[in-house]
S.K.: 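Once you've had a glance at the structure underneath, I'll fire off some questions.
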Amino acid sequence: MTHELPKAYDFKSTEQRIYAMWEAGGYFKPHNDPTKPGFDPNVEPFVISIPPPNVTGELHTGHAIFVSLEDLMIRYHRMKGYATLWVPGTDHAGIATQLMVERMLVREGTSREQIGREKFLERTWEWKHKYAGHITSQIRRLGASCDWDRERFTMDEGLSRAVREAFVRLYEKGLIYRGPRLINWSPGLKTAVSDLEVIYAEEPGTLYFFKYMLADGSGDFIPVATTRPETILGDTAVAVHPEDERYQKFVGRMVSVPMLGREIPVIADEYVARDFGTGALKITPGHDPNDYEIGHRHGLAMLSMLDKNARVNENGGPYAGLDRFEARKKLWDDMKAAGLVIREEPYTLNVPRSERGGEIVEPMISEQWFVRIAPLAEKGLMAVKNGDIKIVPEHFEKVYYNWLENIQDWCISRQLWWGHRIPVWYCADCGKQTCAREDPAACAHCGSTRIEQDPDVLDTWFSSGLWPFSTLGWPEQTPDLKYFYPTSYMETGYDILFFWVARMIMSGLEFTEQAPFHTVYLHGLVRDEHGQKMSKTKGNVVDPLTVMDDFGTDALRFTLLVGSTPGKDTNLSLKKVEANRNFANKLWNAGRFVITNIGQVEEKPAQPADWTLADSWIWARLQQLIRDVERLFQNFQYGQAGQNIYDFFWGDFADWYLEIAKGQMTEGGARAYTTAKTLARVLDISLRLLHPFTPFVTEEIWGHLRRALRESPLADLTADWPEVLIIARWPEPREPEGWEADKTADFTLLQDAIRAIRNLRAEKNVPPAKKLAATLSGGAKTGLLREQSAMIAALAALDPAGLTIVESLADKPENSAALVIGPVEIFLPLAEMVDPEAERARLGKELADAESQIARLEKLLSSDFANKAPAPVVAKEREKLAIYKETAEKINAQLN
RNA sequence: GGGCGCUUAGCUCAGUUGGUUAGAGCGUCUCGCUUACACCGAGAAGGUCGGGGGUUCGAGUCCCUCAGCGCCCACCA
């Protein structure tokens with residue numbers, strides 16, 4: 001019986017069903033599992049840790065691309081027989097999640113402060129439980145073949161223990177310290193943020209010039225420029241360049257802080273640029289990173305003039321209580337009135353803003369926890385330099401080096417509530433710190449029970465940095481950790497190379513003494529179809545869920561995977577997705593065709609038919625494809641591999657072989673049997689190759705194919721097939737065999753001939769339904785033409801009965817249009833349509849083309865090329881020359 | 001200021017050990033409902049591969065240089 005399949009591929013009814021089938025079948029789990037009986041430690045594992053999405057996040061194109069890529073890597077290795085594990089999970093995303101819950105509270109008319117820490121955390125956990133399944137179900141929809149039984153969350157019990165362990169170890173090694181330092185303070189979020197979380201943006205602003213009056217009442221002054229006048233309130237010096245003649249006389253004298261009257265020294269420091277501004281620099285060590293350095297060099301006071309809300313504090317005298325921007329205006333106005341202002345100039349500033357909150361970040365001195373990063377960075381640097389870790393594409397290695405070579409200590413404390421609390425307790429009696437793996441009951445130093453835990457939590461990236469091993473059970477030496485760690489690839493976006501990848505490498509080396517993965521694959525950003533960054537304000541955001549609704553998951557995945565290169569941004573256009581939806585449909589219909597034909601095979605013949613030229617050709621092409629795909633996969637060129645498969649399937653298999661197979665099937669018997677077998681085998685392998693790209697449609701067709709074969713005389717073809725494609729064996733490449741080149745060359749010649757006939761027909765407007773008679777003169781290829789005459793006739797719409805094939809012609813047929821393809825001459829009797837003059841002109845043009853090619857090749861072959869180029873390259877050119885010569889000769893004969 | 005990337009057909013992009021007539025999808029034009037598919041088929045038009053120089057028998061591909069665009073890092077008040 002034949003299977004009745006719908007005319008168009010219906011992804012809607014397929015995807016969910018297939019995914020459920022995979023998951024229920026346990027195919028996402030490693031086939032060799034250290035937690036199960038029968039485990040074989042010698043089977044090689046392949047492991048990816050998912051970049052954990054924010055637990056309450058919403059699917060965006062960034063997720064879509066990483067899931068597509070990682071699922072491709074995972075499916076490929078699974079089919080290759082590795083014990084393949086993709087560990088899923090989510091990140092608690094400290095600031096992002098806390099902000100969302102705070103917003104919810106505001107809507108409820110309350111606030112984080114009002115309900116208190118304990119209640120707030122309760123509410124946040126509730127929120128987490130409510131939304132956590134949301135993002136993971138969206139990830140599933142993309143086809144992600146993760147082992148969901150191993151799903152982890154950065155704040156679950158095990159991972160929290162890992163965080164605690166990591167902190168304590170660093171603390172005990174003296175690699176963690178606490179102290180007042182100049183950090184980036186986000187007044188909106190009321191927390192410190194790391195350097196990486198600050199974004200600089202060019203914005204129009206003002207450069208303010210004013211007078212720093214000498215304190216001696218002489219009326220003399222130093223002109224100074226600043227972009228942030230309010231920080232005058234925190235000035236503790238004025239600096240000039242030591243060799244600046246204008247100001248040397250002031251060095252060592254005192255000047256008076258405007259409106260406050262505080263006296264501060266004039267110092268000399270080479271940091272000051274003589275040619276910028278006035279050449280004199282006000283020094284605010286409490287609110288500027290460079291001034292902080294200078295302050296340290298000169299032993300200046302570190303004065304803070306802002307509080308946590310970025311309001312002026314008691315050090316601001318009359319300005320205390322004002323917001324920083326109000327203070328700026330008021331102070332400047334007052335200075336103007338006092339005659340201290342020189343002028344204002346428009347000036348483009350680089351404004352530091354909080355990546356999350358968006359408000360202007362203030363450098364402030366604050367007590368924070370830091371990781372002494374230098375020793376960790378050194379190891380991280382080495383791991384890539386010595387090749388333990390390879391970064392793809394390679395040029396990101398330089399970026400990585402540059403960052404690690406200039407890295408600053410990492411501020412890991414955040415003044416948030418949602419996160420891993422810092423495991424340090426302060427003693428009210430002896431004042432010392434207790435850092436412990438388990439919550440202590442008493443001070444480790446004096447035994448006092450009057451201890452209190454540090455209120456801060458850790459930077460989210462601290463826990464993410466442990467992800468590849470914490471998710472496998474570390475610090476416990478679990479079977480998973482022993483077998484699956486280190487992981488294999490780390491696939492993620494280049495935008496988090498520093499945030500995440502570098503920190504995972506450093507943490508992995510520090511805590512497990514191994515690189516956490518051997519390969520880092522970085523993908524680019526997904527942009528809109530014109531290469532613009534997607535943003536809500538621009539309104540060009542593409543929602544992957546909508547795209548999947550409209551075109552199917554496979555179409556989205558294929559689009560993201562094909563036509564992109566490692567590390568390069570990808571433009572996502574719906575046109576492309578649509579085209580790939582069409583490709584899925586092409587697969588579907590080719591599959592239908594094959595399945596229908598399998599159904600027409602009545603019995604297994606005693607003697608199978610020999611392969612036709614087309615059979616040989618498609619098989620040779622397929623083998624070449626397998627080789628190419630393997631090579632491209634090894635080089636991480638997934639996009640090119642996908643393109644090659646697409647071209648093969650559509651261009652070779654569907655457009656040519658399927659059309660030829662129609663004819664072969666009608667011959668019935670052994671011919672039909674062999675043809676159906678070839679159709680099935682090529683389809684099978686194509687689906688296997690394509691499965692990592694478009695898992696749903698391939699699985700669905702493959703299932704139908706397998707069933708159809710099993711119910712047919714071709715059942716033995718499926719003898720070693722598993723029940724589902726997802727675990728079918730990956731096609732292994734083999735060396736090309738001798739016959740492949742010859743068969744391919746013959747077939748290509750026929751393709752050229754058929755195309756030439758079609759072309760001429762189109763030019764002359766011959767209706768497709770009109771079957772033309774033709775005379776073919778084949779020379780050395782006469783045998784080939786005779787053998788393939790039925791195929792040629794079918795594909796070129798010739799009349800098989802009117803087809804004459806000869807080795808050579810004494811006279812050119814009358815009233816015919818002539819085509820010459822190397823040794824083959826084709827005459828089409830288009831009497832009424834042929835204008836002899838136009839025909840001569842057309843042939844003349846073709847002759848000229850051939851002759852110019854001959855001239856080009858003869859020149860080439862008589863140059864140094866013939867001596868210096870490799871023999872096969874030269875041979876190829878000689879062959880071309882021979883064909884052109886033959887063509888030219890034939891055309892000449894016809895023109896005379 | 002330092003570093004990196006990009007510039008190929010009207011649009012969006014492939015093109016990785018340099019091989020000699022540069023590819024795809026979309027768009028455009030002409031035909032066609034040929035028993036898998038109109039989410040299709042056949043055919044066509046369209047590019048001096050940003051400019052200049054160099055290496056080489058040979059350069060879209062390697063080197064230098066210029067221009068434009070983009071990104072990252074640093075942050076001269």
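Order of the sequence lines sets the chain letters (A, B, ...), proteins ahead of strands, with each chain counted from 1.
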S.K.: Compare the minimum distances between each of B:rG41, B:rA44, B:rA77 and the side chain of A:Asn759, then state the nucleotide with the smallest one.
M.R.: B:rA44

S.K.: Check every strand shown and say whether A:Thr226 touches a base, only sugar-phosphate, or nothing at a heavy-atom separation below 4.0 Å.
M.R.: sugar-phosphate

S.K.: Would you check if there is a donor-acceptor pair between the side chains of A:Asn644 and A:Gln640 at a distance under 3.5 Å?
M.R.: yes

S.K.: So, OP1 or OP2 of B:rA38: does either fall under 4.0 Å of a side-chain N or O from A:Lys7?
M.R.: yes

S.K.: With a 4.5 Å limit on heavy-atom distance, are the side chains of A:Val629 and A:Tyr638 in contact?
M.R.: no

S.K.: For the side chain of A:Asp864, starting at C-beta, report the closest nucleotide among B:rG19, B:rC73, B:rC57.
M.R.: B:rC57

S.K.: Side chain of A:Gln640: nearest nucleotide among B:rC73, B:rA42, B:rA14?
M.R.: B:rA14

S.K.: Describe, in one word, how the ring planes of A:Phe636 and A:Tyr521 are oriented to each other, choosing from parallel (under 30°), tilted (30 to 60°) and perpendicular (over 60°).
M.R.: tilted

S.K.: Starting at atom CD1 of A:Ile294, determine the distance to atom P of B:rC76, rounded to an integer number of angstrom.
M.R.: 10 Å

S.K.: Using both distances under 3.5 Å as the test, list the Watson-Crick or G-U wobble partner of B:rU35, or none.
M.R.: none

S.K.: Can a side-chain donor-acceptor contact be found between A:Glu15 and A:Thr553 if the only test is distance below 3.5 angstrom?
M.R.: yes

S.K.: With respect to the phosphate group of B:rA77, does any side-chain polar atom (N or O) of A:Asn290 fall under 4.0 Å of OP1 or OP2?
M.R.: no

S.K.: Counting only side-chain N and O atoms of A:Tyr9, is one of them less than 4.0 Å from OP1 or OP2 of B:rC37?
M.R.: no

S.K.: What's the closest nucleotide to the side chain of A:Ala869 if the choices are B:rC73, B:rG19, B:rU30?
M.R.: B:rG19

S.K.: If you check the A:Tyr347 side chain, which of B:rC40, B:rC37, B:rC76 turns out closest?
M.R.: B:rC76

S.K.: Roughly how many Å apart are B:rG50 and B:rG60, using the P atom of each and rounding to a whole number?
M.R.: 10 Å

S.K.: Closer than 3.5 angstrom, by distance alone: can the side chain of A:His287 be matched with the main-chain N or O of A:Met305 as a donor-acceptor pair?
M.R.: yes

S.K.: State which of B:rC76, B:rU12, B:rC39 makes the closest approach to the side chain of A:Tyr271.
M.R.: B:rC76

S.K.: Using a cut-off of 4.0 Å on non-hydrogen atoms, how would the nucleic acid contact of A:Ala654 be classed: base, sugar-phosphate, or nothing?
M.R.: base

S.K.: Any N or O donor-acceptor pair linking the side chain of A:Asn350 to the base of B:rC75 at under 3.5 Å?
M.R.: yes

S.K.: Looking only at side-chain atoms of A:His395, point me to the closest of B:rC39, B:rC4, B:rC76.
M.R.: B:rC4

S.K.: Identify which nucleotide among B:rG43, B:rA24, B:rA77 has an atom closest to any side-chain atom of A:Gln643, counting heavy atoms from C-beta outward.
M.R.: B:rA24

S.K.: For B:rG43, give its Watson-Crick or G-U wobble partner with both distances under 3.5 Å, or none.
M.R.: B:rC29

S.K.: Roughly how far apart, to the nearest Å, are B:rA59 and B:rG53 at atom P?
M.R.: 13 Å

S.K.: Under the 3.5 Å rule, do the base of B:rC4 and the side chain of A:Lys398 count as making a donor-acceptor pair?
M.R.: no

S.K.: Name the residue closer to the 5' end of RNA chain B, choosing between A:Pro870 and A:Gln637 according to the nucleotide with the nearest heavy atom.
M.R.: A:Gln637

S.K.: Taking the six-membered ring of A:Trp656 as reference, does the NZ or CZ atom of A:Arg758 fall below 6.0 Å from its centre and within a 45° cone about the axis?
M.R.: yes

S.K.: Using Watson-Crick or G-U wobble geometry with both distances below 3.5 Å, tell me the partner of B:rA74, or none.
M.R.: none

S.K.: Within the pair A:Trp650 and B:rG41, is there a side-chain N or O less than 4.0 Å away from OP1 or OP2?
M.R.: yes

S.K.: Between A:Lys568 and A:Ala273, who's closer to the 5' end of RNA chain B by nearest nucleotide?
M.R.: A:Lys568

S.K.: Is the phosphate of B:rC26, meaning OP1 or OP2, less than 4.0 Å from a side-chain N or O of A:Lys575?
M.R.: no

S.K.: What about A:Glu659: does its side chain form a donor-acceptor pair under 3.5 Å with the base of B:rA36?
M.R.: yes

S.K.: Are any of A:Thr565's side-chain N or O atoms less than 4.0 Å away from OP1 or OP2 of B:rA14?
M.R.: yes

S.K.: Sort out the partner of B:rC69 for me: Watson-Crick or G-U wobble, both distances under 3.5 Å, none otherwise.
M.R.: B:rG5

S.K.: Is the phosphate of B:rG43 approached by A:Arg758 (side-chain N or O, under 4.0 Å from OP1 or OP2)?
M.R.: yes

S.K.: Which nucleotide, B:rG25, B:rG41, B:rA36, lies nearest any side-chain atom of A:Ala579?
M.R.: B:rG25

S.K.: If pairing requires Watson-Crick or G-U wobble contacts with both distances under 3.5 Å, which nucleotide is the partner of B:rC49?
M.R.: none

S.K.: Tell me the partner of B:rU12, counting only Watson-Crick (N1-N3 plus N6-O4 or O6-N4) or G-U wobble (N1-O2 and O6-N3) with both under 3.5 Å; none if nothing fits.
M.R.: B:rA24

S.K.: Would you mind telling me which of B:rG5, B:rA36, B:rA77 lies closest to the side-chain atoms of A:Leu658?
M.R.: B:rA36

S.K.: On a whole-Å scale, what distance lies between the P atoms belonging to B:rA38 and B:rC26?
M.R.: 16 Å

S.K.: So, is the end of the A:Arg581 side chain (NZ or CZ) under 6.0 Å from the ring centre of A:Phe551 and within 45° of the ring's axis?
M.R.: no

